[in-house]
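Protein chains get the first letters and strands the later ones, always in sequence-line order, with residue 1 at the start of each.
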Amino acid sequence: MGGYIAKRVGQAILVIWLAYTAVFLAVQALPNDPVTIFLSTDAAADPATIAQMKAYYGYDQPLILQYLSQLAGLLRGDFGYSLSAGAEVTSRIGDVIGSTLVLAGSAFVVAVVLAVALVAAASLARGARLRKALLNLPPLFISIPVFWLGLVLLQVLAVQLGVMSLFPDGSFLSLAVPILVLAIHLSAPIAQVLLKSVQEVNAQPFVDVLRAKGAGESWIFFRHTLKNAAPAALSIAGITIGTLLAGSVITETVFARAGLGQLVLQAVTVQDIPLVQGLVLLTAAAFTLVNLLVDLIHPQLDPRIINANAGPPRALAA
Amino acid sequence: MSVLTEHAGASTGPQTPEPATVKAPSRAPRGVLQWLAEWWVLIPLALLLAWALLPGLFTGQDPITGVPADKFLAPSITHPFGTDHLGRDVYSRVVHGTSQTLMTAGLACLIGSVVGTLLGLVAGTAGRFADTVAMRLVDVLLAVPAFLIALILVTATEPGPLSLGIGVGIASIAIFARLVRTEVLRVRSRDFVQAALMSGGGYFTVLRRHIIPHIIGPVLALLAVDLGAAILAISGLGFLGFGAPPPTPEWGLLISEGRQYLSVAWWLTTLPGLVIVLAVMLTAALGRRINQAFRF
Amino acid sequence: MTAKNTSTHPVVRIEDLSVRYAAGTLAADGLDLEIPAGQIVAIVGESGSGKSTLTKALIGLLPRDAQLSGSIRFGGTEVTGLDVHAWREIRGAGIGLVPQDPGASLDPVKTIGSQLIEVFRLHPQRSVPKKHWQSKAVDLLASVGIDRPEQRMKQYPHELSGGLKQRVLIAIAFALNPQLLIADEPTSALDVTVQRTVLEVFVSLARKKGTTVLFVTHDLAVATDIADRVLVMNSGRILEDRSVRSLVTESTDPYTKALLAQASAGHERQPVTGEREVAISVAGLTKDFGKGTDTHRAVNEVSFEVARGTTFSLVGESGSGKSTTAKILMGLLEPSAGAASVNGKEVTGIRGKGRYELWRQAQLVYQNPDSALDPRQPVASIIAEPMVNYRLGDANWRKARVGELMSQVNLSPELAAKRSPELSGGQRQRVAIARALAAGAKILVLDEALSALDVLTQEQILALLKRLQEEQQLTYLFISHDLHVVERISHRVGVMRRGELVETGTVDEVFSTPSHEYTRTLLAANPGQVLRELTDAASA
């Protein structure tokens with residue numbers, strides 16, 4: 001167990017470090033440095049100003065020093081300075097992250113509940129027609145663009161029925177609708193994987209043994225199948241963190257909510273590379289940490305996992 | 001007896017597996033009707049492709065310059081999707097926007113599938129070191145969401161279909177690599193791969209004759225699904241304004257423009273969006289169909 | 001019919017039962033069967049004989065799309081029309097099931113204890129009061145011979161060996177003292193010595209509690225060892241229904257006779273021939289798996305020689321190291337120590353070209369022909385593949401050679417264009433043998449090559465292997481857990497246990513005068529004692 005945890009934590013740190021390195025190299029591969037790019041749209045910027053700013057932000061130093069000093073800064077929790085606002089990247093992110101966390105976190109919870117409910121209903125539905133209808137929902141959900149669903153709901157609820165406002169006003173619906181829009185989009189992949197996993201578990205002999213013990217279908221589903229199928233769904237839920245972020249940005253735009261979404265758009269529009277870099281690293285770290293958590297929960301759900309690790313495959317010809 | 005007998009001794013233990021219940025593929029000539037029942041999904045997809053290649057065939061109206069007098073017309077026979085604030089026919093803009101969206105999505109799929117498949121093949125067959133390196137690379141790609149990869153490219157270069165397609169494509173490398181690796185390992189777990197090596201086959205012979213034919217089906221199926229996902233991602237980024245600049249018709253951009261007139265013209269957002277939903281559902285259906293057709 | 005007409009109902013009474021699956025196959029065809037209380041009835045048949053359909057119908061677990069006609073009465077109640085709720089009352093409490101594959105028949109993510117207590121939880125009115133559940137479960141585990149039952153309750157299935165898992169499943173089946181127990185191939189996934197002890201536990205519990213048992217097996221030897229009465233099934237019909245004694249002496253059905261002949265054959269051993277040159281030689285072979293404290297010695301100082309044109313069998317239970325030895329010989333694994341040579345060439349440390357050279361001389365035939373053939377390739381290309389890879393002859397020559405090989409293994413020419421999913425298990429194994437011989441190999445390593453086949457198919461492949469050996473002077477290294485087959489094919493036998501070769505000798509020496517204690521245990525555990533006694537008595 002201890003070895004398993006150490007290995008996973010090690011891998012997570014490696015991934016975050018590799019992500020940082022990849023982003024750093026990508027920025028270096030640009031034709032110009034971040035300051036020059038940022039100021040390229042500003043007609044007033046002359047070479048002297050650019051050189052002064054480069055020196056101020058440390059972009060005139062040798063590459064390896066920039067790499068190491070930025071890395072050291074990261075370890076201290078310092079993501080550098082945003083060029084567009086002159087504030088620290090961390091403080092700019094910190095200002096808006098709360099609202100996004102509320103939206104994304106609630107949507108994630110709702111999505112998981114929705115997915116489990118959908119799969120339970122589809123697995124236990126008696127009528128073949130109802131079952132088929134339920135089975136078709138995840139492919140439908142996954143095909144609906146988040147922004148479109150948001151706009152259609154706004155159209156119906158705000159314009160046609162007038163029960164909610166086009167802009168956030170703190171009412172229940174103005175929070176619930178964005179969460180629902182995001183959750184529907186997010187629940188589809190989780191439901192699809194859970195469904196596939198449930199079908200695989202149901203094909204195993206122990207399920208028939210349970211029936212032979214006298215267990216009913218819902219007993220089997222809730223007490224056995226779900227726990228067996230959970231690890232696969234948990235893994236995919238971890239991976240949807242990326243989708244969650246993209247979805248949040250779009251949802252925030254559609255519903256005119258403040259949050260990371262606006263910050264990302266602003267950073268991209270004004271080409272504020274340090275801010276974009278900080279946002280990417282933050283996401284990579286969040287993604288990796290959530291997936292580390294998933295890896296640590298796995299053994300609780302399936303006691304075989306620690307022993308089952310067979311290591312990477314050997315070469316085909318060896 | 002060891003506690004792990006069930007795992008370690010699985011290949012030596014006395015077992016009596018039931019005979020294979022795999023259905024023999026039917027080789028009888030099939031009627032057109034049966035082909036239609038199985039592959040109908042190709043017909044609307046072909047129509048979509050025709051929209052992209054020959055938009056002029058499907059609409060006679062100009063997608064760029066409108067008739068100002070005809071602005072905000074509700075859907076009718078002459079304007080099936082209505083008209084926008086400049087009096088342009090929305091249906092015509094959707095048809096003409098298809099090529100932009102499909103080409104960008106196609107570019108993304110091409111990058112993702114080619115690079116991802118190669119990476120997955122290497123990970124699954126070239127030994128432990130190659131696998132570890134490839135999989136850490138995939139972890140990094142997964143850790144940075146598609147959306148952000150595309151945004152980095154757009155920030156550094158300029159908004160447009162090329163940087164969008166490359167960005168979304170890079171992001172989908174990971175999913176292809178993981179699928180291919182899993183499928184390769186599944187095929188390798190069958191004895192015929194080892195038997196092929198022992199029949200004198202070299203690395204590339206075995207790969208070509210016994211591994212690649214078995215992973216083509218899943219890769220094609222994922223390609224179809226990924227095309228849908230790319231359409232979604234690209235129209236999403238287009239909606240945010242990182243695709244082609246106006247007045248070029250592009251699906252995401254169309255909806256973003258219509259958004260300003262949400263309260264006066266519902267059709268500007270709703271109808272182009274329905275086209276996206278349909279297109280993505282069709283690619284997903286195609287993916288499921290391919291999976292069934294290649295199942296052995 | 002051997003029904004005793006007592007005042008009470010028979011436990012099971014089946015009349016004119018037919019089951020048709022959605023695909024159109026008639027899996028049960030007009031079955032009649034009556035089982036009185038306390039009797040142990042064995043159903044013997046090959047895969048597809050309808051034996052599993054019969055048991056599934058009895059416990060109400062046929063697939064939904066199956067059509068059932070006729071009558072099944074359980075203790076006097078007609079059960080064919082029961083709804084799910086009524087079935088749930090019967091299952092587990094009135095009818096128990098001991099399943100086929102103990103490895104996959106317990107929920108892997110729940111403890112042994114919770115799965116045992118689950119039966120009480122599902123049938124609270126039939127079991128002891130709730131506060132005694134825990135102790136009752138511990139008692140049950142002890143009653144099936146599980147050591148340290150208190151600790152086992154907290155363990156997960158993967159922490160138990162196959163034999164222990166099957167004991168747990170037996171405990172679950174007996175938990176509520178059902179009237180009828182259905183055992184579906186309960187020991188076919190277990191090693192012989194484990195099978196022996198599990199069968200003993202199972203039969204003695206059933207006798208003690210007076211449980212009626214329907215025991216399904218493909219192995220006539222096992223059936224006759226434990227049952228009062230044997231039914232032989234084939235293609236959905238009951239061919240014979242007799243007591244064990246009369247089955248041996250009075251059976252008239254040709255299919256039953258073939259099964260009997262297969263099960264009681266065994267005295268026709270291969271004669272040991274004179275001096276021959278050595279084809280395979282193994283000396284001091286040792287293989288360790290794992291690193292550091294986790295090291296596990298799979299093969300320990302194994303030495304033997306195989307003479308050209310003869311069969312040497314390595315026999316042992318799972319985990320005894322016989323397959324590892326075979327893999328080292330085929331150049332697929334590097335040994336930790338020792339030497340092994342094939343045709344005088346050392347195979348340890350072999351790489352690249354050397355290995356491809358080795359594979360021209362020695363070939364491996366796998367246990368499961370289903371997995372050993374690429375399902376997307378037609379038979380002709382599978383057999384031609386080694387010749388193509390080794391660049392033997394031209395296309396016409398190869399085509400002729402494929403035809404020749406197919407006739408050697410008794411495959412009809414029209415199968416050349418078929419793919420393996422369209423073939424039967426026996427045909428697939430013939431294709432695998434033809435492929436092994438294609439590039440001219442004269443040494444075959446047969447790794448459990450008969451184990452996945454039905455008994456009568458085994459018989460045919462066995463005859464084929466013998467004929468090929470005589471015609472082409474082939475050398476076999478035969479790896480098997482099945483003493484019965486080993487006795488008939490081998491010239492010399494080596495017995496392996498936990499990585500060590502405990503005994504080697506001619507087939508006569510090993511089977512008639514075993515010198516090692518373990519060999520004696522293994523021979524004693526070999527099923528078919530009753531059958532042998534009866535056949536000997538009948539022929540005497």
Report task. List the steps, then state whether side-chain contact (heavy atoms from CB on, under 4.5 Å) holds for B:S256 with A:F147. Result -> CA-CA 9 Å; B:S256 153; A:F147 57 93; over 6 Å; no
Report task. Pick one of side chain, backbone, both or neither for B:V193, based on which atoms fall under 4.5 Å of a heavy atom in chain A. Result -> side chain
Query - Best-contacting candidate, B:G241, B:P272, B:S235, against chain A by heavy atom pairs under 4.5 angstrom - result: B:S235
Query raised in the report: Picking from A:V23, A:T243, A:V146, A:V249, which has the most non-hydrogen pairs under 4.5 angstrom with chain B?
Result: A:V249
Report task. Measure B:I149 against the heavy atoms of chain A and call it side chain, backbone, both or neither at under 4.5 Å. Result -> neither
Query raised in the report: Of all of A:T288, A:L265, A:L281, which one pairs up most often with chain B through heavy atoms under 4.5 Å apart?
Result: A:L265
**Report entry** chain A contact via B:A279 - which portion, at a heavy-atom distance below 4.5 Å
**Finding:** neither
Query raised in the report: Okay, side chain of A:W148, backbone of B:T270: is any donor-acceptor separation there less than 3.5 Å?
Result: yes
Query raised in the report: Of the backbone (N, CA, C, O) and the side chain (C-beta and beyond), which part of A:I142 lies under 4.5 Å from a heavy atom of chain B, both, or neither?
Result: backbone
**Report entry** salt bridge (charged side-chain N to carboxylate O under 4.0 Å, His left out) against B:E257, all qualifying residues, sequence neighbours excluded
**Finding:** B:R88, B:R93
Query raised in the report: So, for A:P145 and B:V277, which heavy atoms are closest and what is the spacing to 0.1 Å?
Result: CD-CG2, 3.7 Å
Query - Considering all heavy atoms, the nearest B:M281-A:P139 contact - result: CG-O, 4.4 Å
Report task. Go through the steps to decide whether A:V254 and B:F239 satisfy the test side-chain contact (heavy atoms from CB on, under 4.5 Å), and finish with yes or no. Result -> CA-CA 10 Å; A:V254 170; B:F239 173 79; 3.7 Å; yes
Query - Partner of A:L18 under side-chain contact (heavy atoms from CB on, under 4.5 Å), chosen from B:V140, B:L137, B:L141 - result: B:V140
Query raised in the report: Which region of A:L279, side chain (C-beta onward) or backbone (N, CA, C, O), has a non-hydrogen atom less than 4.5 Å from a non-hydrogen atom of chain B, or is it both or neither?
Result: backbone
Query raised in the report: Does any non-hydrogen side-chain atom of B:T269 lie less than 4.5 Å from one of A:V152?
Result: no
Requested in this report: Hey, could you give me the NE2/CG distance between A:H185 and B:L232, rounded to the nearest 0.5 Å?
Outcome: 7.0 Å
Query raised in the report: Which atoms of B:L142 come close to chain A, meaning under 4.5 Å heavy atom to heavy atom: side chain ones, backbone ones, both, or neither?
Result: both
Query - Which portion of A:I239 sits near chain B, non-hydrogen atoms under 4.5 angstrom - result: side chain
Report summary line: Per-residue tally against chain B (heavy atom, under 4.5 Å) across A:S143, A:A286, A:A267 peaks at A:S143
Query raised in the report: Among A:I144, A:L14, A:T253, which has the most heavy-atom pairs under 4.5 Å with chain B?
Result: A:T253
Report task. Work out which heavy atom in A:Q155 is nearest to a heavy atom in B:L262; give both atom names and the distance. Result -> OE1-O, 2.9 Å
Query raised in the report: Does anything in residues 170-180 of chain B get under 4.5 Å of chain A by heavy atoms, and if so which residues?
Result: B:R178
Query raised in the report: Taking all non-hydrogen atoms of both residues, which atom of A:V15 and which atom of B:A143 are closest, and how far apart?
Result: CG1-CB, 4.2 Å
Report summary line: Paired with B:V144, the side-chain contact (heavy atoms from CB on, under 4.5 Å) test is passed by just one of A:V280, A:T283, A:L245, namely A:V280
